[in-house]
Structure formats: structure tokens, C-alpha cells
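Everything on this sheet refers to the single structure shown next.
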Amino acid sequence: MRVLFTTTPLTGHFFPLVPLAWAFRIAGHEVLVSTSDNFVDPALRSGLPVAATGPAADLTEIGRAGRPSDPDAVIDRRHTHGRTFARIARQNFAGTRSLVDSWHPQLVVSERAEFAGPLAALAAGIPWVQYHWSVSQLPEYRDAGAEEFSAELHDMGFAGIPAPHQVLNPWPVSLRLPHASEYLGLRHVASSGEAPIPDWAFRTPDRPRICVTLGTIVPRAAGNDASDFMLTMLDHLAALDVELVVAVDDDIAARWRRLPPAVLHAGRIPLGSVLPSCAAIIHHGGQGTALNAVAAGLPQLVLPWFDDQFDNGMMIAESGAGLMLSPPDTTPGAVVQSCARLLEDEKHIDTAAALAREMALLPLPSAVVERLTDL
């Protein structure tokens with residue numbers, strides 16, 4: 001069987017697909033990844049075969065503005081990002097449809113912000129599966145895709161983008177919103193690219209180790225705003241008796257001024273391998289970071305910046321496994337106080353451990369492969 005995986009050119013959207021793609025390969029199926037030209041090299045580093053189906057994508061709108069100050073700004077940003085992803089899909093659609101017509105996959109698997117794959121599958125009459133990252137419903141993304149491809153959908157007899165044949169969801173059921181309650185569970189398996197595991201990750205720290213990250217998009221898109229935010233936060237967290245590990249791209253860390261002595265490391269790290277040595281994590285609420293923390297059983301402090309990050313943080317906080325600070329409430333003092341609560345409150349620690357056990361009950365990618373081949 002041939003399976004085509006399609007993704008927008010972002011690591012946070014692509015990495016969750018990698019374990020499932022490898023599960024298909026290990027089961028003896030042929031796998032191919034399609035994406036924009038500027039993401040071919042990062043995707044190739046997963047070890048999977050990759051084809052470019054469109055030109056380099058313009059991602060300047062993703063996360064470029066600072067943290068929104070009110071709910072309306074969050075919704076506006078979701079619309080903007082949805083249009084950006086839909087336009088990237090438009091650029092890739094002809095190439096993706098040509099690839100489907102020539103390579104003849106029997107199944108297309110697409111992450112939820114990518115629309116060229118699903119539309120090419122519909123045109124070819126083959127089933128498609130959606131990987132549903134985040135707890136958010138994000139109707140703005142789907143609406144933008146339907147608007148961008150309105151002519152193609154009309155020609156195929158659809159009023160909007162039809163529902164996929166199956167939806168995969170890696171979140172523990174207790175953290176899902178109602179729209180995702182019946183989605184097919186898929187256990188999150190960490191995929192971290194080429195980042196090596198540092199030797200300190202294998203040693204038990206003398207003090208509580210706190211991981212701090214804003215992911216890959218926010219530090220680049222928000223520029224100095226994100227750097228100033230992070231450096232100020234680190235300066236204040238250093239007042240606690242903790243060890244700080246900062247997950248950020250190496251080139252960004254190299255531009256920062258001198259970090260406080262409490263910072264053990266600032267640079268790329270494989271979160272899935274490093275977080276088990278940590279006592280808590282402070283992060284932006286991204287899908288991969290949040291699920292790696294859930295898998296490690298860590299209490300989480302979420303400081304969301306855009307889109308689904310607010311819903312992810314809300315569900316983690318409501319579960320009792322962590323806390324969330326909205327943008328107006330994110331002062332240095334509040335971050336330090338919240339971090340101290342995570343380290344001291346047994347409720348957060350116990351609930352985080354329970355979520356890790358719940359996640360471990362979800363089906364492995366190998367088991368999901370068996371379900372999807374039936375399509």
C-alpha cells in the first residue's frame with residue numbers, strides 16, 4: 001500500500017506525522033512526504049522520502065505580532081494564520097494533485113493545516129485521514145481552506161471541505177474538547193529532528209530542573225519581543241533555587257546576552273528525551289511541547305501567544321496538571337510565583353502523573369496502521 005503524508009512547512013506540524021509514517025514503513029508499506037520546497041531538507045532529516053510539490057512558502061504572518069492583549073485579537077490572528085496556510089496549500093495543489101495522479105497512493109494523511117493533500121485525494125477518489133494536532137477546533141483554518149478552494153470544491157460537488165474518513169487525535173481523552181471526543185486515539189511519540197541528547201540529561205540534578213521554551217515559531221516571528229520576554233523571565237526565575245534548561249534554536253541562543261548562572265543549557269534539545277529529568281516546564285502551549293510534557297508527567301505553566309496555544313493551556317490548567325497565565329497577567333513576578341506553585345503543590349504533580357498514565361493507554365502508531373489500512 002502507498003501512503004502520502006502532506007504537511008505545511010513547519011516542524012511543529014510535521015514532527016507528529018513522523019512516527020506514524022515510520023510505522024507504515026515498518027509494516028511494509030510505501031511512504032512519501034510532500035511539502036513546500038523550502039521544507040524538503042528538514043523533512044528529509046526524518047529519514048523519510050520527500051517530494052516538493054510547491055514553491056518556498058511565505059510564513060511571515062505566522063506568529064509575527066506580539067502576544068495578543070484580548071480575545072478578539074486571538075480570533076483575528078487565527079483568521080490570518082488560516083489564510084496563510086490556505087494560500088500555501090493553493091501553491092502546492094497542482095503539484096500535489098500531479099503527484100497523486102502519477103504515484104497512485106491508496107491513502108493520504110494530512111496534518112490539519114494542510115489542504116492540498118485532502119483536495120487531491122478527493123479529486124482522485126481515495127480516502128484521506130487528518131492528524132488533529134491541538135485540542136482546538138480552529139474553524140477559522142477550515143473556513144479559510146474552503147474559501148481558497150471554493151472553485152475546486154464546487155466543481156467536485158462539495159459546498160465545503162468534506163470530513164476526512166478518519167481523524168487521529170494524540171491527546172488524552174480527558175483533555176479533549178467535545179468536538180474531538182470520538183476521534184481515533186494515537187499515542188504521542190516524540191520526534192525531535194537532529195538534536196542530540198546532552199550528557200546532563202542522564203544525570204539526576206541537584207536542584208529542581210525547569211525547562212523553559214517558546215518553541216520554534218515564536219522566537220523567530222516575534223523577534224526582539226520574544227527574546228526580551230524570555231531573558232527577563234530567566235532573570236527572575238534564577239532567583240528560585242532551580243536549574244534552568246532553555247530549549248531554543250542554537251542561532252537564536254547565540255545572539256542572547258549573558259544568561260544567569262542558573263541556566264545550564266540554552267539551545268536545541270530533544271524535548272522527549274530531556275523532559276523526564278525535569279521537575280516542571282514553562283512553555284508557550286504548542287502541541288508538541290505540551291504533549292511531550294504530558295508524556296513525561298510534568299506539571300506545566302503555559303504562557304500562550306497565539307491560536308490553539310490558548311485552548312491547549314486552558315485544558316491543561318483545567319485538568320489540574322498545570323497553570324496558565326493570560327498575556328495581561330504574565331508579569332515576571334506571576335511567572336516566578338506560578339513556577340513555585342508547580343514545584344510545591346502535590347495536586348499538580350499527581351495530576352500530571354495521572355495524565356501520563358492515561359496517555360500511555362492510547363494505541364501506538366503500529367496499532368493505528370492496522371486500522372487505517374482497512375480504509
Within a radius of less than 6.0 Å around CG of D155, do more than 12 heavy atoms belonging to other residues, nucleotides or ligands occur? yes
Looking only at heavy atoms, the pair that brings L342 and G322 closest together is CD2-CA, 4.0 Å
Tightest non-hydrogen contact, residues A334 and D329, listed as CB-O, 3.4 Å
Hey, do the aromatic rings of F115 and F149 have their centres closer than 6.0 Å? no
Honestly, is R25 close enough over W22, meaning NZ or CZ under 6.0 Å from the six-membered ring centre and within 45° of the axis?
yes
Smallest heavy-atom separation, R142 atom then P162 atom, equals NH2-O, 3.0 Å
Correct closest heavy-atom pair for H284 and T289 would be CE1-OG1, 3.5 Å
Centre-to-centre under 6.0 Å for F85 and H13, is that the case here? yes
message: Can a side-chain donor-acceptor contact be found between T7 and T35 if the only test is distance below 3.5 angstrom?
response: no
Quick check: is V248 connected to L214 through a chain of hydrophobic side chains (ILVMFWY, heavy atoms under 4.5 Å apart)? yes
Exercise. With a cut-off of 6.0 Å (strictly less than), are more than 12 heavy atoms of other residues, nucleotides or ligands near CZ of R2?
Worked result: yes
Donor-acceptor contacts, no H, no angles, side chain residues 344-354, under 3.5 Å, sequence neighbours left out:
unit_1	atom_1	unit_2	atom_2	d
D345	OD1	K347	N	2.8
H348	ND1	G320	O	2.8
T351	OG1	K347	O	2.8

Check this for me: does any side-chain nitrogen of one of R78 and D143 sit under 4.0 Å from a carboxylate oxygen of the other?
no
Note to self: Under 3.5 Å, is there a donor on one side chain and an acceptor on the other for S136 and D308?
What the structure shows: no
The reported gap from CZ in R97 to OG1 in T53 (rounded to nearest 0.5 angstrom) is 14.0 Å
_For N92 and S36, which I'm curious about, is there any donor-acceptor pair between the side chains at under 3.5 Å?_
yes
Exercise. Do the rings of W133 and Y141 sit parallel, tilted or perpendicular, given the 30° and 60° boundaries?
Worked result: perpendicular
Rounded to the nearest 0.5 angstrom, the CG-CD distance for L240 and Q337 is 11.0 Å
